[in-house]
Amino acid sequence: MSEQPTTAGEAVRSGGSPDAPVTWIATLSLFDFRNYADLRLTLGPRPVVLYGANGSGKTNLLEAVSLLAPGQGMRRSNYADLARSGGGGGWAIAADVVTPRATIHIGTGIESSATAGGRAVRIDHRAQKGSGALADHLEMVWLVPAMDGLFTGPASERRRFLDRLVLCLEPGSRAAAAAFERAMRQRNRLLEDERAPAFQFAGLEQQMAAAGAAIAIARAATVKALTGTISRRRLANPLSAFPWARMTLEGPLEELAARDCPPFEIEARYRERLAEMRPGDRAAGRTRFGPHRSDLHVVHGPKDQPARLCSTGEQKALLVNLVLGHAELVRASPKGTAPVLLLDEIAAHLDEARRGALFEELLRLGTQAWMTGTDRGPFHRLEGAADFLLVEDGRARPVP
């Protein structure tokens, strides 16, 4: 792909941000992943448009990219299910990622479906304990069609979306979330034992309180910072195609954090509350209070209407604005580079004006945004400023 830029400076001349450093995926290789037997791509820092017929493998390719970040990827699939039908039962993904600090090599996969539990992760050919290590190197956010119902669906989906945004700004939040989940599972098992001594509960509740306070503080800080960025974007472009949003966190711990309550006090209050709720939790068979029950409430600013009551198109526009605002926030952070964005079927529910506005924003941010669509036409405003790949039956080839 000789026509592609190979440096951040060349990317700027193709429409990227002139001042911000850029993080991008320079090479990507897939082996026996979904419908890809063996795929190798070389890319520049510009946006990437994947187009082709339904079922050709566009979303599969985005899913592979999402596994270069912590977690189970954008589909949250079982790792064994990612292996290509007719393959050896395992799969692998490898990538060279250019960051402002260095170029790193990431490898991940499983050897076979029979042994699949977690996935193996290597950074610069060194084995890692888990995918959490990836948070230190690559920030990534995605929008997929399943998220079109984010504002009307269960609170767990909004929490997951918010925590992905938090992770880009606070990589350590993943460790806190893992510690909280581990301690809560153990406490839930302990609730089944009516003879369990109080000191065992106290130990687990101390762990939950410390991790829960950290989670709440990180969420509150992210929402506060994102609200500020959205306000600045609103002032800079009051006629934006994407409506501004008001956000509030609904959860006792997050509400304390939003009021700048000291961490030790949040932790102490939560620990006391867990102790008080043991009898009721034992009857319910689960922990009923904590950051795992919180919610993100979003309001369509111009209409002063809850997002859940807005039209599908309005909800999509709100969601896009949150992601763009977050990307701008991350770029302005000490890391100084916008996250890689994965935008599956992004043209759906966006009219021509909003598509054009989105593409202008992506070029201004200087992010390597991966976008999919069945046709090339809706992306015509990116001609000359993005890399276009035609995806056909597990193959992807550049089309100038």
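Just so we're clear, the structure is a prediction, and the values are computed from it rather than from any experiment. As a basis for the values below, the full set of heavy atoms in this structure was taken, side chains included, without hydrogen atoms, waters or symmetry mates.
- Using a 30° and 60° split on the angle between ring planes, F180 and H292 fall in the tilted class, from 30° to 60°.
- The pair D304-R246 meets the salt-bridge criterion, with a side-chain N (NZ, NE, NH1 or NH2) lying under 4.0 Å from an Asp/Glu carboxylate O.
- Residue pairs satisfying the salt bridge (charged side-chain N to carboxylate O under 4.0 Å, His left out) criterion with at least one member in residues 83-107, sequence neighbours excluded, are listed as follows: D32-R84.
- Checked for salt-bridge contact, E250 and R158 miss the test: no charged N lies under 4.0 Å from a carboxylate O.
- A307 and Q315 make their closest contact through O-NE2, 3.0 Å (heavy atoms, listed as atom of the first residue, atom of the second, distance).
- In R308, the CZ atom is not crowded: 12 or fewer heavy atoms of neighbouring residues, nucleotides or ligands sit closer than 6.0 Å.
- No donor-acceptor contact under 3.5 angstrom links the side chains of T287 and D281, judged on distance only.
- Atom-to-atom distance recorded for R34:CZ and S77:OG is 4.5 Å, nearest 0.5 angstrom.
- For H300, there are no ring pair (Phe, Tyr, Trp, His ring centres under 6.0 Å) partners two or more places apart in sequence or in a different chain.
- The aromatic rings of H105 and H125 lie parallel to each other, their planes meeting at an angle below 30°, with 60° marking the opposite boundary.
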Subject >> Pair R232-E328, salt bridge (charged side-chain N to carboxylate O under 4.0 Å, His left out): steps then yes or no >> reply: CA-CA 11 Å; R232 289 189 292 274; E328 190 167 308; 5.9 Å; no

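- A side-chain donor-acceptor contact under 3.5 Å links E352 and H380.
- The closest donor-acceptor contact from the side chain of W142 to the backbone of R75 lies at 3.5 Å or more, if one exists at all.
- Counting non-hydrogen atoms of neighbouring residues, nucleotides and ligands closer than 6.0 angstrom, the NZ atom of K224 reaches no more than 12 such neighbours.
- Between atom OG1 of residue T59 and atom CG of residue L50 there is a gap of 9.0 Å, rounded to the nearest 0.5 Å.
- Screening L365, L329, I230 for a side chain to side chain contact (heavy atoms under 4.5 Å, CB included) involving L324 leaves a single residue, L365.
- Remark: R381 is not positioned above the aromatic ring of F359, lacking an NZ or CZ atom under 6.0 angstrom from the ring centre and at most 45 degrees off the axis.
- Of the residues listed (V121, V340, I93, L134), the one engaging L68 in a side chain to side chain contact (heavy atoms under 4.5 Å, CB included) is I93, and it is the only one.
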